[in-house]
Number of protein chains: 2
Amino acid sequence: MPDGARSSRADAPLSARAEATRQRLLDAALVEFSEKGLAGARVDEIAARAGANKRMLYAHFGSKEALWLAVLEAAYAAKRAEERDLAVDALPPEQAMQRLVRFNFRYTAAHPEFVALLNQENLHRATHLKRSGQVPAMYSPMLEALQAVLARGEAAGVFRRGVDAMQLYISILAVGHFYVSNMHTLSTIFGAGLDSEAALAVREAHAVDVVLGYLRP
Amino acid sequence: MPDGARSSRADAPLSARAEATRQRLLDAALVEFSEKGLAGARVDEIAARAGANKRMLYAHFGSKEALWLAVLEAAYAAKRAEERDLAVDALPPEQAMQRLVRFNFRYTAAHPEFVALLNQENLHRATHLKRSGQVPAMYSPMLEALQAVLARGEAAGVFRRGVDAMQLYISILAVGHFYVSNMHTLSTIFGAGLDSEAALAVREAHAVDVVLGYLRP
DNA sequence: CTCCCGGGTAACTGGTTGGTTACTTTGCGC
DNA sequence: GCGCAAAGTAACCAACCAGTTACCCGGGAG
């Protein structure tokens, strides 16, 4: 094992400088990977963007693929963290549901890098994600919130019965993810810009309409 | 220009053998590109898969990127061709709509290579597609069918009014595309196989429910 | 039969790329 | 203020890869 494994004193925390370099490398890798994909990304370019050196990249992460996984885990963790701040328990079911849909759409639109990362990882059949200790254990707070809201709405008679929470969760992700992911080909085919704030607002409203329309009893 | 441009006798059609080689190269390229992406695909590997030689690949297509575009155009053409066979004019609006949703889902599930191709092209901001003379002019028969069905259903009072056909079209694509595209990461996170025929049937039914549920007046 | 050319092969090239090695600088404990 | 490990630099390397060049083969026209 290279000197990536600190051997100094048990698990001595990285010095502030080393930690900063590590973070800059992660940030640079996120940009490069999401712009060029895993195969298209260049290790030298990541090091250069981070204002660091390739040697440091390998000292911290060991390999291009390990760096990829670290970036992916950080991206998942960031999304899960934001999901955790969603407070929908106090809202009436329809408003709570609307909030979940809007949150998801806006998060996706604001983070196209995450979308690119996911697409790329799926091209690789999730081989890296499967090896991750963290991510599979990182259960989505949004899915849990969705299940709770669904149960409340059903009990109150304002939502249809028998809705599969996982399927609905996937659909809510889908209406935002697909739009952001395929924005360029869609814009080319429709000959219209889908990335303006106005277009995003239209799409967001549509996503809410579809989900709440479907959920009517 | 290399000898890719036949100069023999005006536009003498490719000989049968040459045409067969070209087709084998296209087929091999579709497999390689959809498995590895544009950057990850290897030109030598494509030639080998096709039982041909790199020289022939360059004679027929000129460059890796031109081959990519040719593959992409063929994939779009194949989908548009199948869409053209959709006969929904004679069906009542709800059944017609259901057929559109089911067709789209099944086509997407049966053609994950097309999904991979689209994702990859979007990573490249649709730069190749924009250069294509064909694709932007290849208006989707399914979108046209959708508009007609929507108008009929609205007039008959069985669909809600004011539905944006393009938004709905994107959503119908989305519920299938996202599921197929992100199948591996989703399966990893949910710890369940989403690619079995049973799982596909559940998803298909959900897609129909969402769209028809939303469209109720 | 033989000339000729479209279709095909294989070896080569030069720039790139992930990863490594030998060496220098920085800063903290003593 | 010094010793030494952690942090950083730059040059290097072997494998790889898109694209090219020099050459060969088979079959149809004359």
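Keep in mind that the numbers below use all heavy atoms, side chains included, and drop hydrogens, waters and symmetry copies. Within every chain, numbering begins at 1; the chains are lettered A, B, ... in the order of the sequence lines, protein sequences first and strands thereafter.
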Open item on the list: What is the distance, to the nearest angstrom, from the CG atom on A:L67 to the P atom on C:dG19?
Closed with: 10 Å
Task: Where protein sits on nucleotides 18-29 of chain D, one letter per nucleotide: B base, S sugar-phosphate only, - none, heavy atoms under 4.0 Å - done: BBBBB-------
Open item on the list: Less than 4.0 angstrom from a charged side-chain N to a carboxylate O is my criterion; do B:R131 and B:E121 meet it?
Closed with: no
Task: Whole angstrom value for the distance that separates C1' of C:dG7 from CG of B:L57 - done: 14 Å
Task: Presence of salt bridge, B:E32 and B:R42, under 4.0 angstrom - done: no
Open item on the list: What is the distance, to the nearest angstrom, from the CZ atom on A:F61 to the P atom on C:dG18?
Closed with: 16 Å
Task: Distance-only polar pair, side chains of A:N119 and A:H177, donor-acceptor under 3.5 Å - done: yes
- [ ] Grab the CZ-C1' distance between B:R24 and C:dG8 for me, whole Å please.
- [x] 11 Å
All N/O donor-acceptor pairs, side-chain side in residues 76-89 of chain A, below 3.5 Å, sequence neighbours left out:
| residue | atom | partner | partner atom | Å |
| --- | --- | --- | --- | --- |
| A:R80 | NE | A:M138 | O | 3.2 |
| A:E83 | OE1 | A:S140 | OG | 3.0 |
| A:E83 | OE1 | A:M142 | N | 3.2 |

TODO: Using atom NZ of A:K36 as one end and atom P of C:dT16 as the other, report the distance to the nearest whole Å.
DONE: 13 Å
Task: Salt-bridge criterion met for B:E35 and A:R125 (N-O under 4.0 Å) - done: no
Task: Reference residue B:F178; test side-chain contact (heavy atoms from CB on, under 4.5 Å); the match among A:L173, A:L118, A:V175 - done: A:L173
Open item on the list: Without decimals, in angstroms, what is the distance between A:M56 CE and C:dG19 C1'?
Closed with: 14 Å
